[in-house]
2 protein chains.
Amino acid sequence: MESTQNSITEEHVKIARYAKAMGHPIRMYVLELLSKQSCCYSGDLTEVLPIVKSTLSQHLKELKDAGLIQGEIEAPRIKYCINFENWKEAQDLFRKFLKMDVEGPIIKCK
Amino acid sequence: MESTQNSITEEHVKIARYAKAMGHPIRMYVLELLSKQSCCYSGDLTEVLPIVKSTLSQHLKELKDAGLIQGEIEAPRIKYCINFENWKEAQDLFRKFLKMDVEGPIIKCK
DNA sequence: TCCATTGTTCGTAATATTGCGAACAAAGGT
DNA sequence: ACCTTTGTTCGCAATATTACGAACAATGGA
């Protein structure tokens, strides 16, 4: 079933997907905030972030699509929280990835 | 000197920059390979990756621009290695970021 | 010197990202 | 029923990303 040359694994695709979602300062801010203080409303964010609500909505959608956060309707607002299932997966993937070569390479380059 | 509303810090910008560079399966593969086995030549990569050399060159350039890797001329080839100074910074940033809420939020969201 | 090898750069194209404002939808309160 | 609040969706524009092939540069070897 596999194509290409089995170099790129499903793990590379997964971690790249999470990394891509994290690849914007606004989204990193939101993730950090949520992972620190459980939940927040999107209105709280527009007050401190230098973007309009529609742009924020798009960033939140990206984080949602990547699986890192989830929204819960609490009318008339929406409460955003970390999606802890996927968050844990992302943590594990990054930890595994970052564990490598903490002390530098075996063969020092140059 | 700061503008906006001091929500987005320099750290958010930095980690987002690294995350963005990691936001593609090809680049994650290269980073993993290099962090595992010290160095490699770009020709080694084209052999196993399902992209042509010019595309690979662009991905390597992105990793270089983000500061995660460095190239060293070793004619007629170029030896690519992890840039360990920045790699360490990225590791620290991600570790700090990932450390948060390993066990879940204080206030469980529904 | 000419050729082969290696990798970058250029030109091109398709698609994705980022951002704004306006319009829209959903729900609660009066 | 109407209005307010909240957030999404739409339309638009500018720019970035991803990918390919062709052309180009640099270097070592024949």
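Lettering follows sequence order; numbering is per chain, from 1. The shown structure was predicted, so the numbers you read here are calculated from the model rather than taken from an experiment.
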Original post:
Between B/K36 and B/E32, is there a side-chain N and carboxylate O pair less than 4.0 Å apart?
Top reply: yes
Subject >> Atom pair distance, as rounded to whole Å: CG in B/L56 and P in C/dG7 >> reply: 9 Å
Subject >> Rounded interatomic separation in angstrom, taking CD from A/E72 and P from D/dT6 >> reply: 18 Å
Original post:
NZ of A/K20 versus C1' of D/dT17: gap in Å, rounded?
Top reply: 8 Å
Original post:
Can you tell me how far C1' of D/dG7 sits from NZ of A/K61, to the nearest Å?
Top reply: 14 Å
Original post:
Side-chain N or O of B/S57 less than 4.0 angstrom from OP1 or OP2 on C/dG7?
Top reply: no
Original post:
OP1 or OP2 of C/dC20 less than 4.0 angstrom from a side-chain nitrogen or oxygen of A/T55, does that happen here?
Top reply: yes
**OP:** Look at all strands and tell whether A/I51 reaches a base, only sugar-phosphate, or nothing, counting heavy atoms closer than 4.0 Å.
**Re:** sugar-phosphate
**OP:** Looking only at side-chain atoms of B/H24, point me to the closest of D/dA19, C/dT18, C/dC20.
**Re:** D/dA19
Subject >> Charged N-O contact under 4.0 Å between B/K61 and B/D65 >> reply: yes
Original post:
Among C/dT6, D/dG7, D/dT17, which nucleotide sits nearest the side chain of A/Y41?
Top reply: D/dG7
Original post:
Which residue, A/P76 or A/I26, contacts DNA chain C at a nucleotide closer to its 5' end, judged by nearest heavy atom?
Top reply: A/I26
Original post:
Is B/H59 near enough to D/dT17 that one of its side-chain N or O atoms lies under 4.0 angstrom from OP1 or OP2?
Top reply: no
Original post:
Once you round it to whole Å, what is the distance between P of C/dT8 and OH of B/Y80?
Top reply: 4 Å
Subject >> Nearest-Å distance for atom pair CG/C1', residues B/L60 and C/dG7 >> reply: 10 Å
Original post:
Looking at D/dG7, does its base get a donor-acceptor pair with the side chain of A/S42 below 3.5 Å?
Top reply: no
Original post:
Among the nucleotides D/dA16, C/dC20, D/dG21, which one has an atom lying closest to any side-chain atom of A/Q58?
Top reply: C/dC20
Original post:
Under 4.0 Å between a side-chain N/O of B/R27 and OP1 or OP2 of D/dT18, yes or no?
Top reply: yes
Subject >> Spacing between A/I78 atom CD1 and C/dA26 atom P, to the nearest angstrom >> reply: 12 Å
**OP:** Rounded to the nearest angstrom, tell me the gap between atom NZ in B/K53 and atom P in C/dT8.
**Re:** 10 Å
